[in-house]
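Data first, discussion second: the structure below is written as structure tokens.
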Amino acid sequence: MADSEDEEAFHSAGEEEVTPPSQKSEEKPSKSGQPSSTSSGGASGKKEVQNVGKPNSKKAKGKKGKKKKASMNDKGDNSEEMKGEATMSEKDAAVSSETDQQDTKQQPHSETQLEEQNQPDADVETAEGVKSELKSDKKEERTSAVEDTPPESSKKENLKEQDDSSPKKEDSQPESELAEEGGDAKAKTDSQVPEEEEQKPHVKEDAEQLLETGSEINRDAQGASPEPSQDDDENKTLETDERTGESASASSKQTDAAEDAEAGGGRSIMGALSKLTGEKPAEKKASGGGWGWGGWGASLVSSVSAVGHGLSSVIENVETSLGLPKPEELTEQEKRQQEFIVTLDERGEGKEGKEEDGDKDEDKDEETKDPGEGEEMERDGGKEGEEEGDEKQDQSTPEDQPSVPSSMKGFLSLGASAITSVVGKTVTGGLDALETIGRKTMDVLQEGEHRLEGRRSGQKGNLSEMLRDAKEEAETAAVLEEEERERQRAHFGILFDKYQGLAHLEALEMISNQSESKVQGSLSTLSGEDLQSLKTELIEIRDAFQLEDLESEEQPEGSEQDFVNAITEHLFGVSVASTPDKLQRVQRSVHEWLAECKSQQEAAQKQDTKELHIKAIETLAEFSSRVIEQFHKACELMLLPQDREHTKNAVQRATSLSKLTSVLATEVSNQASKFADCLNREAANQEEGAETADVNPLITNIYLEASNSTSYIQDAFQLVLPVLQMVAIERKRDATTETS
Amino acid sequence: MASGPYNYSYIFKYIIIGDMGVGKSCLLHQFTEKKFMADCPHTIGVEFGTRIIEVSGQKIKLQIWDTAGQERFRAVTRSYYRGAAGALMVYDITRRSTYNHLSSWLTDARNLTNPNTVIFLIGNKCDLEAQRDVTYEEAKQFAEENGLLFLEASAKTGEHVEEAFLDTAKKIYQNIQDGSLDLNAAESGVQHKPAAPRGNQLNTDQPPNKEGCPC
């Protein structure tokens, strides 16, 4: 463990170093995660620290060395790791480490548990981070993967490595610092993850899946690590140079602060790293925890679990499509590779360790060789100067021998990037799915319950009461609906609309308003005598337009022919080439119907009063609609250009229109009273009992609607006035232009 | 009123425009009565037709203003464009002059309606293929150039008549849904009748408001 931890710590240290720059970008997440993370991280960190004590020293050496010489290599690695984990500040790490130490003794179990739960998440996050980094730079991807992998191998080889590391106790402090930082970062991630999990069970599942995939990747990485490390070293060196400067400075600062926190941080980092790297123990724990979460989530929400399964299948598909080997294969490969690595590492470590030790003693700068210790990758990256070449050769020879499938590298980079995208997709996809489910549910609930909805807010009685009320309400509503349907048939407004009376009224209104504005416009353009004369004429028209008192002018019950004659005459008086065909038709049919009704009643045939009432209202509505249509048409015709050729003056037209309106209004009241008579006769025929009482409201209603109808007609009539006035003005204008 | 035959959520105002004799009134008659009116008299000013349709589960009442095509009524009918949610612009595929006048009708439609008014170009009398004087392609191109919906229809056979009216309504409804048509605007040509909560007062002064329940 020590070696692996050291390596991890080393990475983490590098990360820490890098952290300062990275922190800026990552500040937000780290801040949010910090409070909780410190506690959890502390616990884990303690255990790790205890174990790591020796290994840390190696890391520390590595740090120092890296800072000066090897910093470039480390930076590449560190930066990658840092992104995932490094966000934690040194202070936090220190604090956590202190607390952690105390806690560690008390809560060994808790630590492990935390690790288990957190690990998966942490792995995922780190993996994501790595992936993201990878995306940015393929080289980085490789390095990160390589870095992750070496720790695993190193762990196995820890025993051997520890020997190397033990001599380097001097440097242990820096390592611890690094470890602390890493631990804090882990803690942060861990702490964040649990919170997220609580909120979104499916996320947990996703995380689990991710973990699984991540572990597989780790395996791949492990297998591939030997080779990649070489390549990485070369690549890293180039890239890392820039970063190294930063990381080195950062690391130096960290080392000081880290002393306090070292112990705790080291462990936590180790744990996180181990998880990332895919350490067998860690993996087991993590996977176990992950599954536990998954099961829990599934049991909690079946739908959610379904989503999760879908996602997992997706992931599997992706894996297969990527050509990732099956888990079993991977493990086998792992073992083989690890064996190779162990042997290689032993050799390499020995050499490297020696070198490192020497470097440490002499110069921390030289420590850059540290990477060589356990971590091939670090070595590769870290080797900047003379040592690099030597180390590379040393390492390369053993590494090449293992003949690790080069495809593994591809797996690493491919897998990593693929997984990042998959993770992103799964997470977002999972969220989307959840959201959809939630919305659907709400819709269904609201749809099914709109009746109950209102009551819920109002009364908070018990459910049965609510349901009973809802049922009663539904029943009454049904009855009311039936009544309403009946009522509709006799509803004047609806019928008036049905016969397009309303539309004609609206159209008439539009024409009227337009004419009105034109009249006002022409008035505003005139002045002096013209204005006066025009005003006078307009007033004359208006005066002629007054409706005579309908009551006094009530005509004797004229015959059908009287009515037709009257309206035809008056329409002619208006000088509109419009024949009152529709009006006459309606009027005739009404009177025919009334006559038949009367004869039937005299023949003692029973009539349904309700039907009579409906007929009455319908008739009124139709008739008034036709009247308004007539007015509307008259206006349209008056506005036609050739209309101006008519000889009748506006005042005469106005008078005719007024008379026409009177006739029509009278006709309406005639019809109403005839229907009332009809109903009365029906009531008289039925005679027996309180039937009469039943008729009165109907008769009242007929008269009411008759007056309603009359008012519509009068409104329409008033709308004609502006049209008439405007026509008069235009005619006058035409006349003046002609004369002039 | 909730279940009454007059129940609807929206009222869309349509206006049918186009030269005399292209079949505007016949299209309306075919749509509202599903019959072909062989000897259709000249329309005076404007006539009306209504039909309740359903779009996306919403009942919509179409209030269709069928204007007179005669040139002498042009001044009058211009008054009626205002507040139309949809405009059906009709020409006669057997008379090129009616097609040539489209730009004039389109100008009116654009100037006198609001910018969101859906304009649908209908080439009527497509049953008279032998007498065709306007190709489908050129009309289609004209429609595309001017952002119009387009169909060739026949008031006689009823072909595409339904589609023209319904597609217009769908487009209007879509405009409502995506917010480009503001129902509160006075000229939108759309009246919204939200589902009447029980206990509404019946408004006798406004006949079209059929949702009130006097309970």
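The structure displayed is predicted, hence computed values, not measured ones. By convention in this document, chain letters (A, B, ...) are assigned in the order of the sequence lines, proteins followed by strands, and residues within each chain are numbered from 1. Any value given below was found using the heavy atoms of this structure, including those in side chains, with hydrogens, waters and symmetry copies removed.
Rounding to the nearest 0.5 angstrom, the gap separating the CD1 atom in A/Ile511 from the CZ atom in B/Arg78 is 14.0 Å. To the nearest 0.5 angstrom, A/Asp497 atom CG is 11.0 Å from B/Phe48 atom CZ. Here the CG-OG1 distance, from A/Leu639 to B/Thr77, works out to 11.0 Å after rounding to the nearest 0.5 Å. Of the inter-residue distances, the one linking B/Thr50 atom OG1 with A/Gln500 atom CD reads 4.5 Å to the nearest 0.5 angstrom. The OG atom of B/Ser79 sits 7.0 Å away from atom CE of A/Met510, with the distance rounded to the nearest 0.5 Å.
Listed here is the closest heavy atom pair of A/Ala503 and B/Gln63: CB-NE2, 3.5 Å.
Near-neighbour residues of residues 26-40 of chain B relative to chain A, defined by a heavy atom under 4.5 Å from a heavy atom of that chain, are none.
Checking B/Tyr80 against A/Glu506 by side-chain atom types alone, no donor-acceptor pair falls below 3.5 Å.
Other residues, nucleotides and ligands contribute more than 12 heavy atoms inside 6.0 Å of the CZ atom of B/Arg74.
Salt bridge A/Lys633/B/Glu47: present, at least one basic N to carboxylate O contact under 4.0 Å.
With contacts defined as side-chain heavy-atom distances shorter than 4.5 Å, the pair A/His632/B/Val46 qualifies.
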